[in-house]
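Just so it is clear, the model here is predicted, and its values are computed rather than measured.
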Amino acid sequence: MRVVSIDPAIRNTGYAVLEGDYREARALEYGTLSLPASMPQSSCLRAIHEQVCSLIRRWQPDELAIEAIIYVQSHRTAISMGSARGASVLAAALHDLPIVEYPPGCVKLATVGKGRAVKQQVAFMMRAMLRLTETPAPDAADALAVGYTHLAATDPTRAKLFSERKII
């Protein structure tokens with residue numbers, strides 16, 4: 001299986017492409033789309049959409065996995081994160097990809113073993129589990145973790161552990 005995974009944010013969207021199953025997963029590409037504060041939000045949404053479309057065209061994934069938005073500090077943050085998420089979901093929908101979302105606690109539990117892990121723990125585990133040569137940046141690590149969680153959730157022997165996943 002090949003999956004594009006997204007950690008949505010208006011200024012720093014993490015993305016990753018993983019292939020294999022959760023036991024032998026490998027990262028094909030990952031990074032962070034960082035956009036300047038001076039860029040209008042509408043331009044950010046376009047850039048996010050274009051980045052996700054480019055990943056889909058380049059890697060021809062089977063599905064897209066995205067982190068759900070659960071907790072935010074303010075309504076403004078929720079709206080901007082939701083907009084970034086929408087740009088990614090639209091890109092996948094336009095390419096007829098199945099889309100699955102995972103709550104942050106589920107992602108942390110699947111990758112670190114506890115639902116309240118900090119970003120550094122997620123990054124460390126992604127480096128170890130995916131045999132990366134360097135520790136990924138926080139947003140890229142989160143996207144890698146979402147992809148890894150999806151690979152684990154699609155394994156028939158582990159699927160029941162991921163009851164919180166939601167197909168959109």
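Nearest heavy atom pair, residue Val52 against residue Ser88, reads CG2-OG, 3.7 Å. Between Ile69 and Gly82, the shortest heavy-atom contact is CD1-N, 3.5 Å. Between Ala110 and Met129 the shortest heavy-atom distance is O-CE, 4.5 Å. Ile48 and Ala87 make their closest contact through CG2-CB, 4.0 Å (heavy atoms, listed as atom of the first residue, atom of the second, distance). In terms of heavy-atom proximity, Ala143 sits nearest to Ser5 at O-OG, 2.6 Å. Across every non-hydrogen atom of Trp59 and Arg2, the tightest pair is O-NH1, 2.6 Å.
Put simply, the side chain of Leu35 does not reach to within 4.5 Å of the side chain of Ile10, judged on heavy atoms. Counting only heavy atoms from C-beta outward, the side chains of Ile99 and Glu63 never approach each other to under 4.5 Å. Residues Tyr15 and Glu29 are in side-chain contact: their nearest non-hydrogen atoms beyond the backbone lie under 4.5 Å apart. At least one side-chain heavy atom of Leu144 sits less than 4.5 Å from a side-chain heavy atom of Pro136. Taking 4.5 Å as the limit, every side-chain heavy atom of Thr32 sits out of range of all side-chain heavy atoms of Thr13. At least one side-chain heavy atom of Leu18 sits under 4.5 Å from a side-chain heavy atom of Leu151. Looking at heavy atoms from C-beta onward, Pro61 lies out of side-chain contact with Val3 at the 4.5 angstrom threshold. In this structure, the side chains of His95 and Arg57 come closer than 4.5 Å at one or more pairs of heavy atoms.
Checked by atom type, the side-chain pair Arg58/Ser54 shows a donor-acceptor distance below 3.5 Å. Side-chain contact, Ser34 with Asn12: a donor N or O sits under 3.5 Å from an acceptor N or O.
Atom CG in Asp139 sits 11.5 Å away from atom CD1 in Ile6 (nearest 0.5 Å). Note that the CG atom of Leu28 and the CD atom of Glu19 stand 5.0 Å from one another [nearest 0.5 Å]. Interatomic distance, NZ of Lys108 versus CD of Gln121, reported as 9.0 Å (0.5 Å rounding). Distance check: Met126 CE to Thr135 OG1 gives 11.5 Å after rounding to the nearest 0.5 Å.
Hydrophobic clustering of Ile, Leu, Val, Met, Phe, Trp and Tyr side chains at less than 4.5 Å, counting indirect connections, unites Leu55 with Val89. At a threshold of 4.5 Å between side-chain heavy atoms, the hydrophobic network of Ile, Leu, Val, Met, Phe, Trp and Tyr places Leu64 and Val17 in one connected group. If you chain together hydrophobic residues whose side chains sit under 4.5 Å apart, Leu90 and Ile56 never meet in one group. Under a hydrophobic-cluster definition in which Ile, Leu, Val, Met, Phe, Trp and Tyr are linked whenever side-chain heavy atoms come within less than 4.5 Å, directly or via other members, Met125 and Val107 are assigned to different clusters.
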**Report entry** Test side chain to side chain contact (heavy atoms under 4.5 Å, CB included) applied to His150 and Thr154, step by step
**Finding:** CA-CA 6 Å; His150 185 64; Thr154 56; 3.6 Å; yes
Requested in this report: Start with the C-alpha gap between Tyr30 and Leu130, add the side-chain angles, then the distance that decides, and say whether side chain to side chain contact (heavy atoms under 4.5 Å, CB included) holds.
Outcome: CA-CA 12 Å; Tyr30 62 92; Leu130 298 172; over 6 Å; no
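Looking at Ile66, Leu109, Thr149 one by one, the single match for side chain to side chain contact (heavy atoms under 4.5 Å, CB included) with Tyr102 turns out to be Thr149.
For the pair Arg131 (side chain) and Arg26 (backbone), a donor-acceptor distance under 3.5 Å is absent. Side chain of Glu24 to backbone of Asp21: no donor-acceptor contact under 3.5 angstrom is found.
A salt bridge does not link Arg85 with Glu67: none of the charged nitrogens is closer than 4.0 Å to a carboxylate oxygen.
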